[in-house]
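As C-alpha cells, the structure follows; a few thoughts come after it.
All values below come from the heavy atoms of this structure, side chains included, with hydrogens, waters and symmetry mates left out. Just follow the structure's listing: the first ligand is 1, and inside any ligand the first atom is 1.
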Amino acid sequence: MQNKLIMKPSHSSSILSPFLLLAFTLSVAIFYCAGFCYITRLQDNDRGPTTQTISKSEKLPFAVGEANRGCDIFNGSWVRDYSGPLYEEWECPYIEPQLTCLEHGRPEKDYRFWRWQPYGCSIPSFNATLMLEALRGKRIMYVGDSLNRGQYTSMICLLQRNIPEHSKSMETFGSLSVFTAKDYNARIEYYWAPFLLESNSDNRFKHRVTDRIVRNNSIDTHGRHWKDADILVFNTYIWWISGLRVLRGSFEDEVKDIVEIPMDDAYRIAMKSLVKWVDKNIDPTKKRVFFASMSPTHQGSHKWGGDPNGNCYNETTMITDPTFFGAEKSLMQVTTQEFSKSTVPITLLNITGLSSARKDAHTSIYKKQWGPITEKQLANPKSYADCIHWCLPGLQDIWNELLFSKLFYP
Ligand SMILES: *[C@@H]1O[C@H](CO)[C@@H](O)[C@H](O)[C@H]1NC(C)=O
Ligand SMILES: *[C@@H]1O[C@H](CO)[C@@H](O)[C@H](O)[C@H]1NC(C)=O
Ligand SMILES: *[C@@H]1O[C@H](CO)[C@@H](O)[C@H](O)[C@H]1NC(C)=O
Ligand SMILES: *[C@@H]1O[C@H](CO)[C@@H](O)[C@H](O)[C@H]1NC(C)=O
Ligand SMILES: *[C@@H]1O[C@H](CO)[C@@H](O)[C@H](O)[C@H]1NC(C)=O
C-alpha cells in the first residue's frame, strides 16, 4: 500500500488549488441541484395507500459521505499511473478466458497503467473492506450482456483477495452466476439478459443468433429474478444496434406478430420498460439502482483517423480526439430522456465518453477464441480481433471505481 502511494506520479497540473476547487464545487453544486434535487414520490402499489415523499437531501442507501457532490466524475482525463492495476490477472481465478489478455500473449502492457482523473475532484480509492462490509447480508446484482459480465467479474476480482479461500464460492444456475463471500453472507451476482427484456438470445450459452427478436412488454420475465437484490447494476446496448425485430404477443403464438422498427424506438422500449420495472419494484429508501451507459467499440479505425482498414488490433495508445464517441450517441439521449421520467433514482454510470478513448484496452486477439482460427485469419490478425470486450484487469475496474464512488459518495 505504502509502495503504491510512493510510486504514484505527481500530477500537480491536474490538481486545482483549494480556492479554485471550492469555487468550482459551489458553482456546480447549484447546477447539480437543478437536475437532481427533485422530490421523489414513492410508488405505492406494494406499500400501502399513503404517498410518502423523500427529498434527495436525505441520505441515499449505502452513502457514507458526499465527497463528490457537484462534481461530474465522468468528465476528466486519463493520467499515467505506474502503480498498475489493483489486482493481477493471475491472482483472480474468476476471469473468463475471453478476457485474460496476458495469458493469451498480449505483448505490451501499457494499457494497464492509467488512472481516471475527473476534472473537478478526485474519486475515492476503492476500499474492498468498505464494499464487503456494505454488502454484509446483501446482494449486488449485475444484469445485462457480456460487457456487464466483465464488470461483474472485475468487482469480484477487486474484492476476492480480501476473502480467505474457504470462505468464498462461485456457482451458476442457468442465467444466474453467484459469487458468495460466506463470512459476510454477501452475494455478488450476474444475470444474463442481453436486452433486459425477453428475447430469443436468452440462453446464456447459446445466444449467438443472427435473427434477433425481442418481446415487447416482457421485462417481468427476467425481472422477477432481480427483485431481491439490494444494489442493481444494469446495462444493455450492443445487442440493440442492428438487425433487430420486436415481437408483440408471445414467443408461443402460432402466428407471430413481429415488426421491424428503428433502433432508437426499439431501445426506447427497453428504457421505458426498465424505468417502469424500477418504479414498481424498487424501494429507494433501501436500494440503489445503477445503469452503465453504452460500452464503446473500436471496430473501424477510419472513425478516429487511423488506417482505413484497421480496427483495435495492434492499438496501444489512446484516442486523443475528445470528440470521438465510440457508440450511438442518439441512444444516450433516449436513456436520459426516459430516466428523467423515473420516480426512483437511477444513477447513470456515464462510462461511454471516458471509455471511447481506450482503443488500447480491448482484448483484441489476446483471448480464448470461441472457435478455431483459420490460416487465412492468422495471416490477417485484425480479422478476428475483438474490439468490443475489454481485458481484465483493465478499463472495467475503473467503471467499478466509479460505481464505488457513486454508491458511497453520491
Ligand atoms: C467537462 O469539464 C470541462 C472543464 O471543467 C468543461 O469545460 C466541459 O464542458 C465539461 N464537459 C462536459 C461534457 O460536461
Ligand atoms: C476501508 O474501509 C474500512 C471500513 O469502512 C475502514 O475501516 C478503513 O479505514 C478503510 N481503509 C482505507 C485505506 O481508507
Ligand atoms: C410495445 O408496448 C407498448 C406498451 O404496451 C406500446 O405502447 C408500444 O406501441 C409497443 N411497441 C410495439 C413496437 O409494438
Ligand atoms: C503495429 O503498429 C506498429 C506502429 O504502431 C507498426 O510498426 C507495426 O508494424 C504494427 N504491427 C502489425 C503486426 O501490424
Ligand atoms: C456523458 O458523458 C459525455 C462525455 O463523456 C457527455 O457528453 C454526456 O453529456 C454525458 N451524459 C450525461 C447524461 O451526463
Salt bridge or not for Lys368 and Glu103, using N-O below 4.0 Å?
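No, no charged N to carboxylate O under 4.0 Å.
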Looking at Glu315 and Arg358, is there a salt bridge between them, counting it only when a charged N and a carboxylate O are closer than 4.0 Å?
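Looking at Glu315 together with Arg358, the answer is no, because their closest N to O distance does not fall below 4.0 Å.
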Nearest protein heavy-atom contact for atom 13 (C) of ligand 3: which residue, which atom, what distance?
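Answer for atom 13 (C) of ligand 3: Val259 CG2, 3.9 Å.
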Nearest protein heavy atom with distance in Å, relative to atom 4 (C) of ligand 3
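Going atom by atom, the protein heavy atom closest to atom 4 (C) of ligand 3 ends up being Asn217 OD1, 3.5 Å.
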Can the positive tip of Arg149 be found less than 6.0 Å from the middle of the six-membered ring of Tyr191, inside 45° of the ring normal?
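No; the conditions do not both hold, so Arg149 does not lie above the ring face of Tyr191.
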Would you mind finding which of Leu130, Thr129, Asn127 brings a heavy atom closest to atom 12 (C) of ligand 2?
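Shortest heavy-atom distance from atom 12 (C) of ligand 2: Asn127.
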Counting heavy atoms only, name the option from Asn216, Asp257, Val214 that's nearest to atom 6 (C) of ligand 3.
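Among Asn216, Asp257, Val214, the closest heavy atom to atom 6 (C) of ligand 3 belongs to Asn216.
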Please list, in number order, the atoms of ligand 3 under 4.0 Å from a heavy atom of Arg248.
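Listed by number with element: 12 (C), 14 (O).
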For Phe126, ring pair (Phe, Tyr, Trp, His ring centres under 6.0 Å) partners two or more places apart:
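Checked Phe126 against ring pair (Phe, Tyr, Trp, His ring centres under 6.0 Å); matches are Phe404.
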Any chance the rings of Trp192 and Trp239 have centres within less than 6.0 Å?
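Ring-ring flag for Trp192/Trp239: true, centres closer than 6.0 Å.
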For His222 and Trp277, I'd like to know if the aromatic rings sit close, meaning centre-to-centre distance below 6.0 Å.
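They do not qualify: ring centres at least 6.0 Å apart.
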Any N or O on Tyr119 sitting closer than 3.5 Å to an N or O of ligand 1?
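No.
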Could any protein non-hydrogen atom be found less than 4.0 Å from atom 9 (O) of ligand 3?
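It does not; no protein heavy atom is within 4.0 Å.
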